[in-house]
Amino acid sequence: MAIRKRPRVAVIAMGGTIAGVCAEETDTHTYKAGVRTLEQILAGAPELYNIANIIAIPCQNKGGPDITFSNAIQLVWAIRQAHKQGAVGAVALIGTDILSEAACIVDMLVGRGIIVAMTGAIRPGNARGSDGLHHLGCSVRLVIDPQARDRGVLVPFTDSIHSAWNVVKRYAHQPNAFDSGMPGTLGCFVDSLPLFYRRPCIPMDKREFDFDSLFPMGQCPEDLPQVDIELCHMDASADKIEDSVRRGVRGIILAGLGAGSWPTKVGQAVQRIKNERGNEIIFVASRQPEGYVQDGMYGLGECCIPSGFFDPLRSRLLLILCLVARYDEWEIRKVFDPRHEGVGPSCAEGCRCGKKEPRARI
């Protein structure tokens with residue numbers, strides 16, 4: 001009988017609760033993240049070595065809030081290098097507070113050919129009801145399943161399979177912390193084995209960038225463009241927006257109410273700043289937590305790029321990558337709104353942007 005070759009899977013450690021330790025087994029909130037090594041975590045799931053050739057890659061070991069954009073670029077580099085060395089899949093263990101943002105970055109940059117799952121834990125490894133090893137086991141089984149190909153980066157959590165493009169952490173401490181909103185989940189796990197609800201498809205708003213041209217050798221530029229997020233609320237003013245402009249940020253995500261609306265007085269200030277600064281700063285209008293934002297937002301008018309279906313966090317990451325790629329404002333508008341397939345008259349019918357010529361390159 002021929003011996004079946006085990007597929008190679010890279011397990012990459014970034015830290016988080018899955019590497020955390022608590023003083024008492026009931027301390028599911030007061031614990032220290034990023035303590036246990038990857039070797040210690042994998043020692044708790046020896047059965048995984050029977051189904052895959054596990055390659056352990058320590059990358060970071062810190063709490064989720066301390067993970068930076070540069071750390072996410074290091075993760076993409078590690079995944080791509082593992083793929084070049086024969087890995088069919090990669091599992092990244094990371095803090096859940098930053099998981100959805102990091103997964104979005106990886107999804108836009110990692111390229112195709114390797115199946116990527118990103119997961120973590122809500123409770124540390126020595127806490128009662130710890131969930132990290134279950135998520136790890138499901139993730140390894142997921143990335144060796146051929147049915148998981150061509151679905152982008154996947155987020156397995158609490159027996160559900162989420163797309164990196166839609167997943168959001170909605171609850172702080174509950175085990176079922178993640179949700180995929182209106183688009184829904186891609187599948188589930190039964191006995192730790194993945195089951196998908198539908199054939200692979202690419203989200204309409206999925207965006208991809210060439211990693212090697214933007215981040216040669218996995219190096220993040222020292223002058224990474226600064227993009228802030230400003231949240232609208234009752235009695236909101238333009239003070240914080242103007243402070244960000246004075247600090248020299250390259251972009252501001254205006255997380256508005258309803259369909260991206262802001263008070264009229266704030267919109268007037270944003271329009272004035274845009275008139276004064278021109279292409280030096282890019283404004284993108286978005287909303288919390290989900291929904292569609294298009295041109296003509298209440299209060300903001302036409303001075304901002306509408307985010308489409310992108311929420312504020314994903315809008316920020318997308319704008320950073322556009323600025324690193326040195327896209328001009330018109331190209332950025334096309335990235336955010338798929339209806340802008342060309343310049344001026346070639347935009348899709350119904351486009352209200354009113355722009356007939358591309359703007360100067362930033």
Side-chain angles (χ1 to χ4, degrees), residues 69 100-101 104-105 107-108 165-166 168 203-209 224-233 236 238 240-245 247-264 266-341 347 351-355 358-362:
F69 190 95
S100 61
E101 287 182 79
C104 183
I105 295 172
D107 198 44
M108 289 191 285
W165 216 238
N166 306 121
V168 175
M204 287 291 292
D205 54 356
K206 180 178 172 66
R207 303 292 181 266
E208 294 179 299
F209 295 79
L224 189 71
Q226 178 68 36
V227 175
D228 287 354
I229 297 176
E230 298 297 342
L231 181 65
C232 187
H233 51 82
K240 292 183 179 179
I241 297 173
E242 292 176 334
D243 286 343
S244 293
V245 173
R247 288 190 289 105
V249 301
R250 295 295 311 282
I252 299 178
I253 308 301
L254 299 174
L257 308 173
S261 58
W262 280 75
T264 303
V266 176
Q268 291 171 346
V270 170
Q271 183 66 69
R272 174 180 53 77
I273 293 169
K274 188 62 181 172
N275 291 339
E276 294 172 354
R277 301 283 181 139
N279 291 336
E280 293 179 9
I281 187 165
I282 304 294
F283 290 101
V284 174
S286 185
R287 74 176 303 278
Q288 296 271 26
E290 60 184 327
Y292 190 78
V293 177
Q294 61 181 3
D295 289 290
M297 295 72 65
Y298 180 92
L300 296 177
E302 307 293 335
C303 60
C304 301
I305 295 173
S307 68
F309 281 115
F310 295 102
D311 65 21
L313 292 176
R314 287 178 172 83
S315 294
R316 175 181 175 270
L317 300 174
L318 184 56
L319 181 55
I320 290 174
L321 289 176
C322 287
L323 293 171
V324 172
R326 300 187 63 80
Y327 286 179
D328 64 35
E329 189 169 341
W330 178 254
E331 290 169 316
I332 294 173
R333 179 177 284 269
K334 289 193 291 181
V335 168
F336 274 93
D337 191 341
R339 295 176 305 164
H340 297 264
E341 298 174 350
C347 283
C351 171
R352 298 192 300 157
C353 71
K355 309 298 182 185
R359 299 196 182 194
R361 181 168 295 279
I362 297 171

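Here the structure is a predicted model, which is why all the values come from computation and not from measurement.
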[X] side chain to [Y] main-chain N or O, any donor-acceptor pair under 3.5 Å?
| X | Y | answer |
| --- | --- | --- |
| Ser307 | Ala285 | yes |
| Ser315 | Phe310 | yes |
| Glu276 | Ile273 | no |

Go through the structure and list residues passing side chain to side chain contact (heavy atoms under 4.5 Å, CB included) with [X], not counting sequence neighbours.
| X | value |
| --- | --- |
| Pro225 | Arg250, Leu323, Val324 |
| Ile229 | Ile253, Ala255, Pro312, Leu313, Arg316 |
| Asp107 | Val153, Ala164, Trp165, Lys206 |
| Phe309 | Asp205, Tyr292 |

**Asked** Could Asp228 and Lys240 be called an ion pair, given the rule that one side-chain N must be under 4.0 Å from one carboxylate O?
**Response** no
Tell me every residue that passes side-chain hydrogen bond (donor to acceptor under 3.5 Å, both in side chains) with [X], counting only those two or more places apart in sequence or in another chain.
| X | result |
| --- | --- |
| Gln268 | none |
| Arg272 | Glu242 |
| Ser100 | none |
| Gln271 | Asn275 |

**Fill in**
Taken in chain and number order and not counting sequence neighbours, the residues that satisfy ring pair (Phe, Tyr, Trp, His ring centres under 6.0 Å) with Phe283 are none
**Complete:** Distance col, row Ile305:CD1 vs Cys322:SG, nearest 0.5 angstrom, shows 8.0 Å
